[in-house]
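Every chain is numbered from 1 and lettered A, B, ... according to where its sequence line falls, protein lines coming before strand lines.
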Number of protein chains: 2
Amino acid sequence: MTDLDRVIHEPARLLIVALLAGVKEADFLWLLRESGLTKGNLSSHLGKLEEAGYVEIEKTFRGKIPLTMARLTRPGSKAFKEYKQRMNGLLAKSGGS
Amino acid sequence: MTDLDRVIHEPARLLIVALLAGVKEADFLWLLRESGLTKGNLSSHLGKLEEAGYVEIEKTFRGKIPLTMARLTRPGSKAFKEYKQRMNGLLAKSGGS
DNA sequence: TAAACCAGTTTGTACCGCAAACCAGTATGC
DNA sequence: GCATACTGGTTTGCGGTACAAACTGGTTTA
């Protein structure tokens, strides 16, 4: 109907995806600071995005301390791109400005 | 955080608001056909939008048959405009195209 | 040894969108 | 003139989900 991808549409995830699209790779704490989300929400939203196949999560260690990296997958980039197109289409149809 | 107006953000309502922004006034059945929503959903989303003060609902009669007209209020137009700006900002920050 | 901390995950709840059931009134078939 | 179908909606029930708060497993500090 509007055909907006609900996984991406959710504001918190839209923000995460937009951030990732900019940098191509980011760790949990950077996303945490940049997004302003709580840890819990960031964690679960990343979980949803991973489940959807839109991001890859890689868990490593920085010394003794766990480190989680996230990056957009190819399908993720594609989905985001399509989302942007549809959204622009919607916003445009209401008459400019 | 993303500061997206949740009332407008919901796809069905975004569509309704975009449609109304284009025409300035519309009746229930036109919105029904144009949006592809079910009657139930259209009714309740219009209710939400009215409750938020974003649309005015006017109930009249066309002959013997009830007719509901909807139009965007001033605050509604303003909210939609701001929504568009924020959304464009979000989509832009990920690097163009 | 314990207390504080880091980097997250799991859990609980309250809300919300959706579809289906419902309703009042009007035209139509018998 | 009675019932059946249709218009133009509204209300209800249910399933999914976002958010915050509590929890966990390991690590440094006191």
Engineer: Go through A:Glu82 and A:Ser77 one step at a time and tell me if the side chain to side chain contact (heavy atoms under 4.5 Å, CB included) criterion holds.
Structural biologist: CA-CA 9 Å; A:Glu82 279 174 11; A:Ser77 299; over 6 Å; no
Engineer: Starting from P on D:dT11, measure out to CG on B:Asn41 and report it in whole angstrom.
Structural biologist: 14 Å
Engineer: In whole angstrom, what separates B:Glu10's CD from C:dC15's C1'?
Structural biologist: 12 Å
Engineer: Between A:Ala70 and A:Leu46, what is the shortest heavy-atom contact and its length?
Structural biologist: CB-CD2, 4.3 Å
Engineer: Report the residues that fulfil side chain to side chain donor-acceptor pair (under 3.5 Å) with B:Thr73, sequence neighbours left out, ordered by chain and then residue number.
Structural biologist: none
Engineer: Is there a side-chain contact between B:His45 and the phosphate of C:dC16, meaning an N or O under 4.0 Å from OP1 or OP2?
Structural biologist: no
Engineer: Rounded to whole angstroms, how far apart are NE2 on A:His9 and P on D:dA18?
Structural biologist: 11 Å
Engineer: For residues B:Thr38 and B:Leu42, determine if any side-chain heavy atom of one lies less than 4.5 Å from a side-chain heavy atom of the other.
Structural biologist: no
Engineer: Give the nucleotide from the list C:dC18, D:dT10, C:dT9 with an atom nearest to the side chain of B:Lys39.
Structural biologist: D:dT10
Engineer: Using a strict heavy-atom distance below 4.0 Å, which residues from residues 26-37 of chain A are in contact with DNA chain D?
Structural biologist: none
Engineer: Contact between A:Arg6 and B:Pro11 at the side-chain level, heavy atoms closer than 4.5 Å - yes or no?
Structural biologist: yes
Engineer: Kindly list each side-chain donor-acceptor pair under 3.5 angstrom involving residues 26-33 of chain A, sequence neighbours excluded, with atom names and distances?
Structural biologist:
from    : atom 1 : to      : atom 2 : distance (Å)
A:Asp27 : OD1    : A:Leu29 : N      : 3.0
A:Asp27 : OD1    : A:Trp30 : N      : 3.1

Engineer: Figure out the CG/C1' separation between A:Leu15 and D:dA18, and round it to whole Å.
Structural biologist: 15 Å
Engineer: If you take all heavy atoms of A:Ser35 and A:Leu15, which pair is closest and at what distance?
Structural biologist: O-CD2, 3.6 Å
Engineer: Which residues in residues 47-65 of chain A have a heavy atom closer than 4.0 Å to any atom of DNA chain D?
Structural biologist: A:Lys48, A:Lys64
Engineer: What's the CG-P distance between B:Leu46 and D:dT11, to the nearest Å?
Structural biologist: 13 Å
Engineer: Side-chain polar contacts of residues 48-60 of chain B - donor-acceptor pairs under 3.5 angstrom, sequence neighbours left out - could you list them?
Structural biologist:
from    : atom 1 : to      : atom 2 : distance (Å)
B:Tyr54 : OH     : B:Asp5  : OD2    : 2.6
B:Glu56 : OE1    : B:Arg71 : NH1    : 3.0
B:Glu58 : OE1    : B:Arg71 : NH2    : 3.0

Engineer: Separation of A:Ile16 atom CD1 from D:dC19 atom C1', in whole Å?
Structural biologist: 13 Å
Engineer: Could you give all pairs that pass the ring pair (Phe, Tyr, Trp, His ring centres under 6.0 Å) test and reach residues 72-91 of chain B, with sequence neighbours left out?
Structural biologist: B:His9-B:Tyr83
Engineer: Below 4.0 angstrom from OP1 or OP2 of D:dG9, is there any side-chain N or O of B:Ser43?
Structural biologist: no
Engineer: Judged by each residue's nearest nucleotide on DNA chain C, which is more toward the 5′ side, A:Pro66 or A:Arg6?
Structural biologist: A:Pro66
